[in-house]
There are 2 protein chains.
Amino acid sequence: MGGGRVDWGSMQDSDVAMMLRRAGHKVTPQRMMIIRALRTARGHVTAGQIADDVRRHFPAVDLSTVYRTLDVLKRMRVVTAIDVGTGDSMFEWSDKEPHHHLVCTSCDSIENLDHHYLEDMGARLKAELGFEPNLDHFAIFGLCRECQMDGCNGHEA
Amino acid sequence: MGGGRVDWGSMQDSDVAMMLRRAGHKVTPQRMMIIRALRTARGHVTAGQIADDVRRHFPAVDLSTVYRTLDVLKRMRVVTAIDVGTGDSMFEWSDKEPHHHLVCTSCDSIENLDHHYLEDMGARLKAELGFEPNLDHFAIFGLCRECQMDGCNGHEA
DNA sequence: GTTATTGCAAAGGCTTTGCACACTT
DNA sequence: AAGTGTGCAAAGCCTTTGCAATAAC
């Protein structure tokens with residue numbers, strides 16, 4: 001039972017550093033900058049985007065360091081990974097309410113979706129099927145309002 | 001407006017061949033065997049599994065041919081691709097009712113989920129947010145009944 | 001001083017692409 | 001005959017891993 005969701009909303013860098021140490025990890029400049037990149041990103045970012053961001057201040061950071069740090073943060077449950085099928089994973093700092101993503105398959109935009117849209121379904125899965133869904137992060141594909149208007153729903157081929 | 005879902009349920013190989021031709025594609029033994037592999041698979045298969053299956057009768061088939069054929073079939077909308085985050089895509093012949101997948105993150109089992117579990121949510125997304133979801137295929141992650149029992153919900157780290 | 005972490009480089013897995021030859025139409 | 005489809009090989013992309021040097025504890 002994973003237990004409660006912590007509110008990291010007002011967390012400071014020093015708090016994150018302490019969490020790292022308490023989890024038995026070391027606090028390095030690279031890690032702090034990766035964390036900062038995640039926290040200042042307005043949403044989901046790829047590992048490559050994090051690396052690019054960090055390199056503006058710290059040019060030598062390697063992608064492998066980013067991936068390894070993301071691994072640590074995922075295990076600490078302060079970062080969530082979502083896979084929207086674009087080939088690369090997207091990562092997000094989990095300081096927000098549980099929420100989900102509406103991915104437009106035409107323009108690749110991603111909007112957030114409030115958790116309550118999935119709650120009913122989740123309850124039914126558990127009650128009727130015995131399946132305990134992990135609804136922390138969910139991606140729903142389709143067409144956003146604009147792309148429906150544009151008629152860019154091409155009958156390809 | 002993709003339009004209605006055709007019932008391919010009782011389709012025969014010759015029907016598929018005709019569809020290919022009508023879509024301007026050529027009917028080759030490789031394609032027919034790939035199609036057969038997809039149709040006889042009891043669920044979702046990876047490109048590699050299709051290749052292995054086809055090679056039992058036709059050893060020279062290349063993975064690139066499988067991928068290219070899957071592309072054709074996807075555009076003809078007789079095959080659906082789902083991404084369950086395992087790194088490789090899974091493909092499925094779309095001769096069934098729209099349905100979804102419950103993916104157990106502990107034992108990697110995949111059960112099907114009837115469409116009606118998602119219908120309500122889909123309607124709300126459209127009505128309240130203007131987002132037209134594509135609910136043809138959906139993957140929901142979580143723990144199946146057995147893995148909840150086993151307590152293999154490890155607090156990793 | 002110990003131990004974890006980094007950067008570099010290389011490998012890994014899945015998928016895509018270029019090209020000449022073969023096959024379907 | 002015309003044109004698509006195939007196999008082969010190579011490349012592409014994201015991600016992971018091995019290793020010696022480095023930095024945090």
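Lettering of chains follows the sequences in order, A, B, ..., and the numbering in each one begins at 1. Values below: every heavy atom of this structure, side chains too, minus hydrogens, waters and symmetry copies.
- The phosphate of C/dC23 has neither OP1 nor OP2 within less than 4.0 Å of any side-chain N or O from B/Gln30.
- Of the possible donor and acceptor atoms, none in the side chain of A/Arg21 sits under 3.5 Å from a partner among the backbone N and O of A/Val27.
- If you check every strand for non-hydrogen atoms under 4.0 Å, A/Ser64 touches a base.
- When rounded to the nearest whole Å, the span between CG of B/Leu73 and P of D/dG5 equals 11 Å.
- Taking the side chain of B/Thr65 as heavy atoms from C-beta on, and the options D/dG7, D/dA24, C/dG7, the nearest nucleotide is D/dG7.
- At least one donor-acceptor pair closer than 3.5 Å links the side chain of A/Arg55 to the backbone N or O of A/Val61.
- As rounded to whole Å, 11 Å separates atom C1' of C/dC23 from atom CZ of B/Phe58.
- In summary, B/Asp71 and B/Arg68 do not engage in a salt bridge, as defined by a charged side-chain N under 4.0 Å from a carboxylate O.
- The distance from atom CD1 of B/Ile50 to atom P of C/dC14 is 14 Å, rounded to the nearest whole Å.
- One atom, CD1 of B/Ile35, and another, C1' of D/dG5, lie 13 Å apart when rounded to the nearest Å.
- Remark: P of C/dG7 and CE of A/Met33 are 11 Å apart, rounded to the nearest angstrom.
- OP1 or OP2 of C/dT5 has not a single side-chain nitrogen or oxygen of A/Arg68 nearer than 4.0 Å.
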Please determine whether side chain to side chain contact (heavy atoms under 4.5 Å, CB included) holds for the pair A/Asp120 and B/Asp120, giving the CA-CA distance in whole Å, both sets of side-chain angles, and the decisive distance to 0.1 Å. CA-CA 9 Å; A/Asp120 295 347; B/Asp120 294 347; over 6 Å; no

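- Checking B/Lys26 against A/Val61, the closest nucleotide of DNA chain C that is more toward the 5' end is the one next to A/Val61.
- Nearest to the side-chain atoms of A/Thr28 among the listed nucleotides D/dG7, C/dT25, C/dT5 stands C/dT5.
- Spacing between atom CG of A/Asp88 and atom P of C/dG13 amounts to 20 Å, rounded to whole angstrom units.
- Residue A/His25 has its side chain nearest to C/dT5 when only D/dG5, C/dT5, C/dT25 are considered.
- Within 4.0 Å (heavy atoms only), B/Asp62 reaches at least one base atom of the nucleic acid.
- When rounded to the nearest whole Å, the span between CG of B/Leu20 and C1' of D/dT4 equals 12 Å.
- Put simply, the residue from B/Thr40, B/Val45, B/Val78 that forms a side-chain contact (heavy atoms from CB on, under 4.5 Å) with B/Trp93 is B/Val78.
- If you take CZ of A/Arg22 and P of D/dA24, they are 21 Å apart, rounded to a whole angstrom.
- Across all strands, B/Pro59 comes closer than 4.0 Å to no nucleic acid atom at all (heavy-atom distances).
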